[in-house]
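In this chain, residues are counted from 1 in sequence order. When reading the values below, keep in mind they use all heavy atoms of this one structure, side chains included, and skip hydrogens, waters and symmetry mates. Just follow the structure's listing: the first ligand is 1, and inside any ligand the first atom is 1.
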Amino acid sequence: MFAGLKEKYAAVKDRKITTLFDASRAHEFAVQTDGLFFDYSKTNIDGETLALLLDLTKTAGLAKMRAAMFSGKKINITEDRAVLHTALRQSSGSVTVDGQDVMPGVLAIRARMLKFSEEVCSGTIHGQGGAYTDIVNIGIGGSDLGPAMTYLALKPYLQGPKVHYVSNVDGAHVTDILAGLDAQTTLVIVASKTFTTIETLTNAETALRWMGQSVANPAGQFAALSTATDKTAAFGISPDQVFGFEDWVGGRYSLWGPIGLSLALAIGSDNFTALLNGAAAMDYHFQSAEATDNLPVMLALVGIWHAQVAGYATRAVLPYEQRLSRFPAYLQQLEMESNGKSVGIDGQDLTVASGPIVWGEPGTNGQHAFYQLIHQGTNVVPCEFMIAQVGHEPDLSHQHQLLQANCLAQSQALMLGRNLDVARTIAASKGFEGAELERQARHRVFKGNRPSTTLIYPKLTPYCLGQLIALYEHRVFVEGVILGINSFDQWGVELGKELATALGPVIAGAEPGSGNDPSTLNLVSKLTQG
Ligand code: F6P
């Protein structure tokens, strides 16, 4: 399936991206929709490559798979589940799973969430000490990263109680968060799809004990978000503070429903609805736009060109937006838990690389940290820049302009580079001569020709963030379909969980079982000495 592309890559890999530009490339190698603009002209993709990439979508049967996902077919074959996070942001219509329309349930739980949020914010629902001032969301992975990332991203829209996110089983996390809070005006939300995740349950029990020190009915100040309502009941959480959902919502795709309760509380119903609407608009775009005008499809194809064809092992996501500081971490779960697999849907080993390593930091901070490697390191890292047309600080528009200039300068520098002649002139201007000038000049060379894309969005509003998150969700889906991967299971996290369960008692003093290796046993003894 990739042979033609690999051949093409071999033929053009040393070509200068700059030579591809004619009067129209900057406009043609771009996608524009609903305020978003995605530029991929600074890549080595030409018209012929684009055609080959588009063929992949046909060979892989993307349109059929997409229709299957949106209509509730059980495309998560290893867990025999439908994949319907898209239903969570619909405001009408019907989607059938196992002969049942799921939409009445989706709308009912959303209405309950929003009502609960409004009643918490108004003080109708309150703690022992009065209206809730603080919310602690305890969850991990998909039950943390999406809401925590979005909470930071939408700071200008916060209007409810303060939300704090606890995820790590390291007792330092829960301790540091609870330390500043008044238990009598704190609501704890336990967010866990399965309600079996050891980190979340351990932190929830710690929080319950903390609450019990000053609140007569501590479980009364707890809410739960889960598919396992039997387990939330066993924990002691009242059913009217439990918000359930179905197994067809994957953990890393779950912020649109009950797992988003902390967000609804923080940004209010209208903003939460705007977030959903932005995602729903992207869903519509993904289903209806032609491939070359389709943002998720084009992001995915550029990604495939770089990761599976060119063989670049990582991709940097570089939002020039401080409030998107957790976006790369969020994408790490979304992309790597979804497409970091070496066996395809057919049970056979993949014959190409799986999804790439995704990493990043907001600009301009990253510029003063790892951009050195991006510009001059021996590994080529395709970069994905993101920048808003306007910021939220009208008084600081000059700072936003500086941010934009930096963003554009980086992609320009990556592509144009700086040759040895220019570097020599610079070294000469510093007073270097002869062999020393040559040596100094070589350090100042930028090979350039490094690919990047730039995504411009109007302003980081709830609607726009909804579009962006859904864009990346669908990008992962397209890549997964082309690679033949089931993007919706995560068996790769299981072994570590099982071994941790077995090692816990050993660290606490029990005799180790025979399956342990000498290195691990030695580390256990080092950790438990002193
Ligand atoms: O790390 C594995 C994982 O299952 C993720 O997929 C999930 O988002 C996270 O754990 C948390 O799971 P839960 O919401 O069931 O506690």
## Note on the structure
Hits for side chain to side chain donor-acceptor pair (under 3.5 Å) against T206, two or more places apart or cross-chain, chain-then-number order -> R209
### Task
Give a yes or no on whether a salt bridge exists between R81 and D489, defined as a side-chain N under 4.0 angstrom from a carboxylate O.
no
### Task
Decide, yes or no, whether a salt bridge links R252 with E473 under the criterion of side-chain N to carboxylate O below 4.0 Å.
no
### Task
Before accepting this row, confirm whether a basic side-chain N of the pair E384/R475 lies closer than 4.0 Å to the acidic partner's carboxylate O.
yes
### Residues lining ligand 1 [heavy-atom distance under 4.0 Å, listed by chain and residue number]
I140, G141, G142, S143, S192, K193, T194, T197, G251, Q333, E337, Q490, V493, K497
### Query
Between F477 and R66, is there a cation-pi geometry (under 6.0 Å to ring centre, at most 45° from the normal)?
no
### Message
Looking at K74 and D98, is any side-chain nitrogen of the basic one under 4.0 Å from a carboxylate oxygen of the acidic one?
### Response
yes
